[in-house]
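Written out below as structure tokens is the structure these notes cover.
All residue numbers in this chain count up from 1 along the given sequence. Atoms within each ligand, like the ligands themselves, are counted from 1 in listed order.
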Amino acid sequence: MSILSRCYLSAFVIFLTLFFSVQPCISQDSEAGANLFKTNCASCHYLGPEEKKLIGPGLSDEIFEEYTQEWLYSWIRNSSEMIESGDKQAIAIYEEYNKAVMTAFPYFSDSDIDNILAYIKEGPVEEVITAVESAESIDGSGQNENLLYIVLALVLFNTVLLIYVKNILKDAAGIERIGFIGSALSWLKLNPSFIIFFSVLVVFSGMKGCWNSISKIGVAQHYQPEQPIAFSHQLHAGEQGIDCNYCHHSARESKHSGIPSANVCMNCHTYINEGRSEEGTKEINKIYAALGFDPNSKTYIPGYEQKPIEWVRIHNLPDLAYFNHSQHVNVAGLDCQTCHGPVEEMDVAYQYSKLTMGWCINCHRETELDTDNPYYHDLHDKWIDKYHGEEITVDMIGGRECAKCHY
Ligand code: HEC
Ligand code: HEC
Ligand code: HEC
Ligand code: HEC
Ligand code: HEC
Ligand code: HEC
């Protein structure tokens, strides 16, 4: 091996090692904290200002002004113990929250608590993102792109390094050097394979970008975001047999199907205060928290500022496409399940179909028109005449015309 390639190789290895060892430690603490917080605290605490109440107060960096580190450690490990020991601050917050008892976490290590506190300190990262964006990040295509940039950066870095080292060696040997750009060009001339490699990479990454944007909606298939309340269709629409229309009645009458407001939930949950488990009861309590309802006295707290439950949207066509529920549910007489799959078996709802243009058009090609329905009588008679009684599919009446689906 020549001196040159040895220099080159060791620099490459050093760079790689540095790169990968620095990477993971950037946000480890608050990431571990985020997981701990979500599994242990999020059912009772929002991340945010104290007024943003759930079962307990919202948690933000305010708590570090109010309490010492030590106080927080003991509180999180066992708040009841502190209250019994007569700690003034502990009693005050306990009274303020109507003596609701916070779960104890005696098994948490110091570093567990440090991580959670680091996460609280950092505050919420914007979590209400659109369905399509988050589906992409779930899909992991973002990560692949990062990898591509890393490879590109590495290639560039190495080229510059190579030229630099070569120049130093030339200096040492007393050979005249021809400037940075000049030597870069002459190096490239001697190494045409590099140009090919580089161009292929660029073209490939460009193509991948295009592909991602075209297939955006398809990527969202199986998208299953975590919802603010663990509402189960399996329990409500399946086991309890509640009709889809009870909650999504506008699917029959309008373009949108809509998500029921918390008041619809209260038709039943005014009386059903308990879930199947402690977890279930906590989830039901979140409906009350949104509306300011006190399940013990069965009254609404006067002057409470009600806030809508922020369900995360699952299905989302791009604006350029027009889709109308009533046309499909009412006029065509299709079951919800044809497009949404076995929703009554889903504990957590997800997107069942692709929702791509190809998906819409395929169905229009294959599906026969229901000419017995009470809508469009005259039109139907006209079509039956026109096609002499052969089966009429949606595309025969224009279900493949661009303007029907695109404004
Ligand atoms: C079962 C619900 C519940 C869970 C789970 C829970 N808390 Fe609490 N937390 C409360 C309640 C309620 C209060 C208000 C005091 C009281 O009534 O005991 C509170 C108070 C606090 C306070 C004091 C805040 C202030 O502004 O005074 C901190 C800090 C805190 N919790 C941290 C945590 C952390 C960290 C976790 C997770 C490891 C957690 N809590 C899990 C219910 C809960
Ligand atoms: C008790 C009320 C209730 C009933 C009954 C119900 N749903 Fe829902 N549905 C909801 C709520 C609340 C959401 C939003 C939370 C979620 O996505 O789980 C939702 C979400 C959905 C979504 C996803 C919406 C989106 O964000 O894109 C679909 C699709 C859906 N329901 C279809 C159905 C079908 C089909 C049935 C009948 C088999 C049904 N629902 C019965 C309350 C109900
Ligand atoms: C038609 C009546 C009805 C409506 C409307 C209704 N629920 Fe329920 N819900 C029930 C029944 C029944 C249970 C089961 C209670 C049990 O078995 O302990 C339940 C249980 C729950 C549970 C606890 C699940 C568990 O694991 O224990 C949650 C959370 C819940 N519902 C949320 C909602 C939300 C959110 C809405 C409004 C979008 C809603 N419900 C609307 C009847 C209803
Ligand atoms: C022909 C296919 C099809 C049928 C049948 C259908 N849906 Fe949808 N549904 C869709 C599409 C496509 C979207 C996305 C619409 C958008 O983003 O504009 C959607 C969205 C939804 C949403 C999200 C909120 C909204 O309005 O965008 C709910 C809830 C929903 N559907 C419930 C139902 C229910 C309940 C039924 C049965 C009564 C039903 N759907 C029947 C295709 C269908
Ligand atoms: C499961 C099959 C099915 C799927 C999937 C489907 N459609 Fe349809 N669509 C129908 C049927 C059946 C009709 C005919 C209704 C009628 O009798 O007028 C129809 C009619 C239409 C019409 C009216 C056509 C006309 O000539 O009047 C539009 C617009 C439309 N669909 C848009 C969409 C879009 C956009 C999607 C995809 C997001 C979609 N459809 C997915 C079955 C489907
Ligand atoms: C049955 C409904 C339907 C018909 C007919 C239809 N489209 Fe679409 N189209 C859609 C839907 C839904 C989307 C969004 C889904 C997607 O991006 O894959 C879409 C997306 C597109 C897009 C954007 C793709 C992107 O990058 O997001 C273009 C361009 C397009 N359609 C062109 C056409 C043309 C041209 C025609 C007529 C030959 C046509 N469409 C007919 C439903 C339809």
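- Between Gly258 and ligand 4, an N or O atom pair is found at a separation short of 3.5 Å.
- Taking CZ from Arg400 and OG1 from Thr393, the interatomic distance works out to 8.0 Å, rounded to the nearest 0.5 Å.
- In this pair, His364 and His328 present their aromatic rings parallel. The plane angle is below 30°, not in the 30 to 60° band.
- Within ligand 4, counting atoms from 1 as listed, the ones closer than 4.0 Å to a heavy atom of His328 are 1 (C).
- In terms of protein heavy-atom proximity, atom 34 (C) of ligand 4 is closest to Cys336 SG, 3.5 Å.
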* Could you check Thr338 against Asp335 for side chain to side chain donor-acceptor pair (under 3.5 Å), going step by step and ending with a plain yes or no? => CA-CA 6 Å; Thr338 319; Asp335 286 334; 5.1 Å; no
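- Taking every heavy atom of Gly399 and a limit of under 4.0 angstrom, the matching atoms of ligand 6 come to 1 (C), 5 (C).
- Ligand 5 places these atoms under 4.0 Å from at least one heavy atom of Ala332: 11 (C), 12 (C), 15 (C).
- Under a 4.0 Å criterion applied to the non-hydrogen atoms of Cys405, ligand 6 contributes the atoms 1 (C), 2 (C), 3 (C), 4 (C), 5 (C), 42 (C), 43 (C).
- Separating the CD atom in Gln234 from the CD atom in Glu344 is a distance of 9.5 Å, to the nearest 0.5 Å.
- Within the set Gly358, Cys363, Ser353, the minimum heavy-atom distance to atom 4 (C) of ligand 5 is found for Cys363.
- Side-chain polar atoms of Asn35 and Tyr119 form no donor-acceptor pair below 3.5 angstrom.
- Here His406 meets the criterion, with an N, O or S atom under 2.8 Å of atom 8 (Fe) of ligand 6.
- Every atom of ligand 4 with a heavy atom of His315 under 4.0 Å away is listed here by number and element: 14 (C), 17 (O), 20 (C).
- The ligand atoms of ligand 4 that sit less than 4.0 angstrom from a heavy atom of Asn316 are 17 (O).
- Classification of the Phe108-Phe105 ring pair by plane angle, with boundaries at 30° and 60°, yields parallel.
- Contact atoms of ligand 5 toward Tyr322: 35 (C) (distance under 4.0 Å to a heavy atom of the residue).
- For Arg313, the closest heavy-atom approach to ligand 4 falls below 4.0 Å.
- Counting only N and O atoms by type, the side chains of Trp75 and Asp87 include no donor and acceptor under 3.5 Å apart.
- Note on Cys360: not counted as a metal contact of atom 8 (Fe) of ligand 5, no N/O/S atom lying under 2.8 Å.
- Comparing Leu355, Val394, Leu320, Asp319 by heavy-atom distance to atom 20 (C) of ligand 6, the nearest is Leu320.
- Looking at Gln224 and Gln351, their side chains never bring a donor and an acceptor atom within 3.5 Å of each other.
- Put simply, no part of Thr338 is less than 4.0 Å from ligand 4, judged by heavy atoms.
- Remark: the Asp347 side chain and the Ser232 side chain contain an N/O donor-acceptor pair separated by less than 3.5 Å.
- Between Phe231 and His233, the ring-plane angle classifies as perpendicular under the 30° and 60° cut-offs.
- For ligand 5, the atoms closer than 4.0 angstrom to any heavy atom of Val331 are 16 (C), 17 (O), 18 (O).
- Panel note: side chain Ser353, backbone Leu355; no donor-acceptor pair is recorded below 3.5 Å.
- A centroid separation of less than 6.0 Å is found between the aromatic rings of His315 and His340.
- When heavy-atom distances to ligand 6 are checked against a 4.0 Å cut-off, Ala321 comes that close only through its side chain, counted from C-beta outward.
- Between the side chains of Asp114 and Tyr73, at least one donor N or O lies within less than 3.5 Å of an accepting N or O.
- Ligand 4 is approached by Asp335 to a heavy-atom distance shorter than 4.0 Å.
- Listed by atom number, the atoms of ligand 5 under 4.0 Å from Thr367 heavy atoms are 2 (C), 12 (C).
- Residues Asn316 and Tyr223 bring no donor and acceptor atom of their side chains to less than 3.5 Å of each other.
- Because the distance cut-off is set at 2.8 Å, His340 qualifies as a neighbour of atom 8 (Fe) of ligand 4 through one of its N, O or S atoms.
- Closest heavy-atom approach to atom 9 (N) of ligand 6 among the candidates His364, Glu401, Met357, Arg400: Met357.
- Taking atom 26 (O) of ligand 4 as the reference point, the nearest protein heavy-atom neighbour is Ser257 N, 2.6 Å.
- Ring geometry, His325 versus Phe323: the interplanar angle exceeds 60°, so the pair is classed perpendicular (tilted spans 30 to 60°).
- Atoms CG and CE, from Leu320 and Met357 in turn, are 9.5 Å apart once rounded to the nearest 0.5 Å.
- Nearest N, O or S atom of His325 to atom 8 (Fe) of ligand 4: atom NE2.
- Note on His248: not counted as a metal contact of atom 8 (Fe) of ligand 4, no N/O/S atom lying under 2.8 Å.
- In terms of protein heavy atoms, atom 42 (C) of ligand 4 is closest to Phe323 CZ, 3.3 Å.
- Close contacts between ligand 6 and Pro318 involve ligand atoms 14 (C) [criterion: under 4.0 Å to a heavy atom].
- The nearest protein atom to atom 1 (C) of ligand 4, hydrogens excluded, is given as Cys339 SG, 2.7 Å; this is a heavy-atom distance.
- Counting heavy atoms closer than 4.0 Å to ligand 4, residue Leu317 contributes atoms from both its backbone and its side chain.
- Checking Ser326 against Asn324 by side-chain atom types alone, a donor-acceptor pair falls below 3.5 Å.
- Counting protein heavy atoms under 4.0 angstrom from atom 23 (C) of ligand 4 gives zero.
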